[in-house]
Amino acid sequence: MKFEKIQAPKGVREYLPPESKAFEWVREQLISPARLAGYQLMELPVFEDTNLFSRGVGESTDVVSKEMYTFEDRGGRSITLRPEGTAGVMRAVIEQNLDRGQLPVKVWYSGQYFRAERPQAGRYRQFYQVGIEAIGLDDPAIDAEVISIAYTGFKNIGLKNFTLQITSLGDAASRLAHRKDLQKFYKSLDLDEATAVRAEINPLRLFDDKRPEMVAAMENAPLLLDYLSSDAQKNFDMVQSYLKNLGIAFSVNPRMVRGLDYYTGTTFEFVHSDLGAQSGIGGGGRYDGLMELLGGQPLSGIGFGLGVDRALLAAVSENVLPSQAFISDVFLIPIGEEAKTPVLQIAAKLRQARITTEIAFGDRSLKGAMKAADKGGARFVIVVGATEVETGSVDVKRMEDGVITSVKIDQLPREISSLLSGQRS
Ligand code: HAM
């Protein structure tokens with residue numbers, strides 16, 4: 001009987017070798033600046049109580065109103081696959097009382113997120129993010145630090161064709177003043193029912209409406225940046241001044257609207273010019289009311305989420321993936337059964353010295369094994385047979401130029417390390 005093949009669900013992104021190496025490398029470049037800044041890992045469930053997102057992310061958003069994977073579990077609870085990371089972090093911080101300890105709480109995370117969007121290049125139903133959150137400190141300097149961590153991640157990859165856009169959603173007084181005028185303005189427009197409902201919950205959503213007639217209608221809409229209270233303006237000026245002094249180029253985009261409702265104060269987006277419609281490679285901002293909204297104390301917070309899939313697409317487009325980082329240092333070829341134990345031992349020692357080492361398993365001919373080594377792109381190849389085991393010495397062949405160095409087996413980790421550092425410098 002022949003079984004039908006099963007395919008991955010529509011729109012999911014998965015990474016298999018050899019591409020997964022590049023994915024892993026890109027993700028690591030995005031994470032490492034957060035680690036260097038003292039952010040600590042938080043591993044959270046991929047599913048949560050649906051209320052966490054409907055309340056935290058907001059009913060007016062596409063994410064909550066159209067894109068959530070929501071289902072009833074076997075106990076009759078409404079569960080949702082996480083569409084983003086911030087609400088879950090906040091839930092955990094409140095639940096585990098992290099906000100009662102040292103502030104700010106600084107965490108990073110990385111994983112799969114789920115949005116039932118229409119799949120296209122760079123937009124997936126399961127995608128990957130790296131994110132950070134800094135909770136409990138209201139200081140424009142940390143806003144600049146958070147932005148600079150994201151910026152450094154993209155720079156680590158080697159990306160150049162991206163820009164940073166920032167704006168401020170001000171404080172409560174600024175938003176209240178603006179909302180009044182914006183409401184007056186949009187009431188003069190002829191909105192369809194769904195749009196009017198969305199505007200009622202969050203009128204800023206109207207700036208996010210991509211339909212040409214709405215873009216035109218919003219041309220003369222009052223902009224929140226013109227309503228900043230003097231405190232909020234001072235705060236935003238400080239953020240800009242810190243960024244300038246860090247040498248981070250940005251532009252102020254007063255019409256930028258993030259897709260999630262919890263934002264306040266500084267908000268930002270990184271946009272890559274090679275990615276067409278899905279150009280947002282990362283974004284974030286301050287969310288000063290979120291903790292309280294989720295039942296915690298009124299602490300402020302700021303963070304970002306970076307799209308690993310899109311950062312990888314950008315890296316491919318800019319041709320900045322360092323192919324050298326993806327190949328093994330050493331390829332060991334045992335000849336005959338009696339060489340297998342020594343080769344396993346040599347490999348263990350080399351790996352202990354953090355040298356990436358592969359073994360040509362399976363009794364291939366020397367020619368076949370050399371071919372495999374060549375194809376794999378290993379830097380050095382070592383053949384181990386009865387003679388090598390007996391003499392305790394091997395020939396290390398540098399594949400780049402065929403140069404052979406004779407090395408004592410017990411000296412291999414040291415010798416290979418120095419050969420490698422010579423090659424890398
Ligand atoms: P977001 O802008 O919704 O923010 O998502 C962050 C990044 O995730 C986007 O810039 C994009 O690169 C990537 N992304 C989003 N949706 C998709 C998709 N369907 N396919 C591929 N990539 C996607 C947040 O999620 C906030 N939680 C960020 C944040 C953290 N704000 C404060 N703290």
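Just so we're clear, the structure is a prediction, and the values are computed from it rather than from any experiment. Basis for what follows: all heavy atoms, side chains included, without hydrogens, waters or symmetry-related copies. One-based numbering, in listed order, for ligands and for the atoms of each.
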Students should be able to answer this: which protein heavy-atom is nearest to [atom], and at what distance?
atom: atom 3 (O) of ligand 1; result: Arg115 NH2, 2.9 Å
atom: atom 18 (C) of ligand 1; result: Phe127 CD2, 3.4 Å
atom: atom 13 (C) of ligand 1; result: Gly307 CA, 3.7 Å
atom: atom 30 (C) of ligand 1; result: Thr86 OG1, 2.9 Å
atom: atom 20 (N) of ligand 1; result: Tyr124 N, 3.0 Å
atom: atom 8 (O) of ligand 1; result: Gln129 NE2, 3.2 Å
atom: atom 19 (N) of ligand 1; result: Glu117 OE2, 2.6 Å

Is it true that [Y] and [X] share a donor-acceptor pair across their side chains at a distance under 3.5 Å?
X: Thr167; Y: Asn253; value: no
X: Tyr109; Y: Glu133; value: yes
X: Asp309; Y: Tyr15; value: yes
X: Ser229; Y: Asp171; value: yes

Under 6.0 Å between ring centres, would you say that holds for His272 and Phe162?
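No.
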Quick check on the 6.0 Å ring-centre criterion: do Phe23 and Tyr128 meet it?
yes
Ligand 1 versus Glu133: contacting region, heavy-atom distance under 4.0 Å
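Contact part for Glu133 vs ligand 1: side chain (C-beta onward).
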Does ligand 1 have a heavy atom under 4.0 Å from the side chain of Phe268, from its backbone, from both, or from neither?
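Neither part.
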Would you check whether Asp309 has a nitrogen or oxygen atom less than 3.5 angstrom from a nitrogen or oxygen atom of ligand 1?
no
Atoms of ligand 1 close to [X] [distance to a heavy atom under 4.0 angstrom, numbered from 1]:
X: Glu84; result: 25 (O), 26 (C), 27 (N)
X: Tyr109; result: 30 (C)
X: Gly305; result: 6 (C), 7 (C), 28 (C), 29 (C), 30 (C)
X: Tyr287; result: 32 (C), 33 (N)
X: Ile281; result: 10 (O), 12 (O)
X: Gly284; result: 31 (N)
X: Gly280; result: 9 (C), 10 (O), 11 (C), 12 (O)

Does Arg82 make a cation-pi contact with Tyr113, if we ask for NZ or CZ under 6.0 Å from the ring centre and within 45° of the axis?
yes
Mark yes when over 12 heavy atoms from residues, nucleotides or ligands other than Asp192 sit less than 6.0 Å from its CG; otherwise mark no.
yes
Looking at ligand 1, is there an atom of it that comes within less than 4.0 Å of some heavy atom belonging to [X]?
X: Tyr128; result: no
X: Glu269; result: no
X: Gly131; result: no
X: Tyr263; result: yes
X: Gly122; result: yes
X: Phe114; result: no
X: Gly259; result: no

Check Lys160 with Glu318, please: is the shortest side-chain N to carboxylate O separation under 4.0 Å?
no
Main-chain N/O of [Y] paired to [X] side chain as donor or acceptor, under 3.5 Å:
X: Glu84; Y: Thr86; value: yes
X: Arg379; Y: Leu420; value: no
X: Arg55; Y: Leu293; value: yes

Option with minimal heavy-atom separation from atom 24 (C) of ligand 1, where the choices are Val63, Leu260, Ile135:
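That would be Leu260.
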Given Arg82, Arg258, Arg118, Arg123, identify the one with the heavy atom nearest to atom 2 (O) of ligand 1.
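Looking at heavy atoms only, Arg258 sits closest to atom 2 (O) of ligand 1.
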Side chains of Val107 and Tyr39: does their closest heavy-atom pair fall under 4.5 Å?
no
Parallel, tilted or perpendicular: which one describes the rings of Tyr151 and Phe270, with boundaries at 30° and 60°?
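Tilted, since the angle between the ring planes falls between 30° and 60°.
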Aromatic plane relationship, Tyr262 with Tyr287 - under 30° parallel, 30 to 60° tilted, over 60° perpendicular:
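Answer is perpendicular, since the angle exceeds 60°.
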